[in-house]
Amino acid sequence: MYGGTERIYREERLASILGEMTAQMEFQQVRYFLALSRTLNFTRAADECNVTQPALTRAIKSLEGELGGELIRRERRLTHLTDLGQRLLPMLQQCYDSALSAKALAKAVKAQNVAPLTIVISQTVNTALITEALAEISRAYPGIQLTVRRDTRKGTAERLKEGDVDLALSGELEGDWDRLDTWVLFEEPYEVMANEKHSFASAVTSEIELKDLLEEKLLVCSDCEKREEVGAVLREQGYELSTAHQFEGEADLISLLEADLGVAIVPVSGPSSNSMQRLKLIGLALNRSVAVYAVSGRQRSAVAGSFLNLLRSADWSQYEH
């Protein structure tokens, strides 16, 4: 057994050597040691590693020199790991396993088994719309590396142009660009959403007329696709949209509604929670389109193509009231 000071020195030395070995990727000696620790026989370990016994012995001696002590003690038929060898075994095994994992990952990337997929979702679209499709594509491509970004509709279009993303999910995008491929998934109307404690939620009917909103504080998405149209309709009723509370993201909307700071005009597919009540809005004949976008002529990966097909073939009828 080592004394306390000597043990600390050896463990510090081990950490330093393992760090250097990891950086230099010199793992042949470690592989030989691991085989020898399993077999406790130089001949069988050499056969397992497909090297000669002298070559394996030299490698072990070199490793022992690097680590500052014997790892294997040969005593006729009683070959065994030394105390240092036993202490190092799990650490060296971990280093070796990590190296194998890194090599396997590099090989998978080269073979395109690792499938990156980057999606941008506009702030007006509920991420929950695509989670089922994401789960399905993840099962089909176990090596998928998913990146989901959030942006305004203008920013979403810019990300597509710049090639930062494979696909985009959004309402109508801002700006004209003739290289956009567009697949409309569904068209949906707007509803009113209110806190369950609000008087709207306790009403006998589940419908709200537009005129009923005139005395309420509205919460309005600053990037809403139909903002101008909604504003024009409300203006005819004597309500100026400029006086409404503004929000950007769906998480902000839920928080504001839970604080009972107003009521919101939202698309049917928008976010909700158990503390919210949704009501059909009478008098606002506006629909928005939710579509998936890609750049025309730009090559799509297999995983991006498969994900696009999943979205296009999904049943979106529940939102088309």
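It should be emphasised that the depicted structure is a prediction, and the values quoted were computed from it without experimental measurement.
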A.B. asks: First locate atom CG of Leu234, then atom CG of Leu210, and finally report the distance between them rounded to the nearest 0.5 Å.
C.D. replies: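 With rounding to 0.5 Å, CG (Leu234) is 5.5 Å from CG (Leu210).
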A.B. asks: What heavy-atom pair brings Leu67 and Leu88 nearest, and what distance separates the two atoms?
C.D. replies: CD1-CD1, 3.2 Å
A.B. asks: Could you see if Ile60 belongs to whatever hydrophobic cluster contains Leu34? Use Ile, Leu, Val, Met, Phe, Trp, Tyr and a side-chain cutoff under 4.5 Å.
C.D. replies: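 They do share one cluster, since a chain of ILVMFWY contacts under 4.5 Å joins Ile60 to Leu34.
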A.B. asks: Main chain of Leu160, side chain of Arg298: is a donor-acceptor contact present, judged purely on distance under 3.5 Å?
C.D. replies: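 The answer is yes, because a donor-acceptor pair under 3.5 Å joins these two groups.
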A.B. asks: Are Asp260 and Lys197 close enough for a salt bridge, meaning some N to O gap below 4.0 Å?
C.D. replies: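 No, this pair does not count.
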A.B. asks: Do Glu191 and Lys280 meet the salt-bridge criterion of a basic N to acidic O distance under 4.0 Å?
C.D. replies: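 Salt bridge between Lys280 and Glu191, a charged N being under 4.0 Å from a carboxylate O: no.
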A.B. asks: Just by distance, do the side chain of Asp223 and the backbone of Arg153 share a donor-acceptor pair under 3.5 Å?
C.D. replies: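 Side chain of Asp223 to backbone of Arg153, a donor-acceptor pair under 3.5 Å: yes, one is there.
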A.B. asks: Examine distances only and state if a side-chain atom of Ser138 and a backbone atom of Leu134 form a donor-acceptor pair shorter than 3.5 Å.
C.D. replies: yes
A.B. asks: For the atom pair OG1 (Thr243) and CG (Leu241), what is the distance rounded to the nearest 0.5 Å?
C.D. replies: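 One gets 7.0 Å once the value is rounded to the nearest 0.5 Å.
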A.B. asks: Could you check whether any side-chain heavy atom of Thr57 comes within less than 4.5 Å of a side-chain heavy atom of Arg74, counting everything from C-beta outward?
C.D. replies: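 When only atoms from C-beta onward are counted, Arg74 and Thr57 do touch, with a gap below 4.5 Å.
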A.B. asks: Does atom NZ of Lys154 have more than 12 heavy-atom neighbours, drawn from other residues, nucleotides or ligands, at distances under 6.0 Å?
C.D. replies: no
A.B. asks: Nearest 0.5 Å, what's the OG1-CZ distance between Thr124 and Arg288?
C.D. replies: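 That separation rounds to 4.5 Å.
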A.B. asks: Return the CD1 to CG distance between Ile121 and Leu169, rounded to the nearest 0.5 Å.
C.D. replies: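 That separation rounds to 6.0 Å.
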A.B. asks: Taking all atoms of both residues into account, what is the closest heavy-atom pair of Tyr190 and Leu286, and its distance?
C.D. replies: CD1-O, 3.6 Å
A.B. asks: Between atom CG of Leu81 and atom CZ of Phe33, what is the distance when rounded to the nearest 0.5 Å?
C.D. replies: 5.0 Å
A.B. asks: State plainly whether one hydrophobic cluster holds both Val266 and Phe186, where clusters connect Ile, Leu, Val, Met, Phe, Trp and Tyr through side-chain heavy atoms under 4.5 angstrom apart.
C.D. replies: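 In one cluster with Val266: Phe186, no.
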A.B. asks: Would you check if the side chain of Gln277 reaches a backbone N or O of Ser206 as a donor-acceptor pair within less than 3.5 Å?
C.D. replies: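 A pair under 3.5 Å: no.
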A.B. asks: Looking only at non-hydrogen atoms, find the nearest pair between Ser222 and Glu248 and report the distance.
C.D. replies: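 Heavy-atom minimum between the residues: OG-CG, 3.5 Å.
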A.B. asks: Could you give the distance from CG (Leu261) to CG (Leu253), rounded to the nearest 0.5 Å?
C.D. replies: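 Going from CG on Leu261 over to CG on Leu253, the span is 11.0 Å.
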A.B. asks: Spell out, as yes or no, whether a donor-acceptor pair under 3.5 Å connects the side chain of Glu64 to the backbone of Leu71.
C.D. replies: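 It does hold such a pair.
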A.B. asks: Which heavy atom of Ala115 sits nearest to which heavy atom of Tyr141, and what is that distance?
C.D. replies: CB-CD2, 4.3 Å
A.B. asks: Within the side chain of Ser269, is there an N or O that forms a donor-acceptor pair under 3.5 Å with the backbone of Tyr319?
C.D. replies: no
A.B. asks: Heavy-atom count check: over 12 atoms from other residues, nucleotides or ligands less than 6.0 Å from Glu132 CD?
C.D. replies: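 Not more than 12 within 6.0 Å, no.
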A.B. asks: Which atom pair, heavy atoms only, marks the closest approach of Asn287 to Pro189?
C.D. replies: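 Heavy atoms only, the tightest pair is OD1-CA, 3.2 Å.
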A.B. asks: Is Trp183 reaching over with its side chain to a backbone N or O of Ala294, donor-acceptor style, under 3.5 angstrom?
C.D. replies: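 Looks like no, no N/O pair under 3.5 Å.
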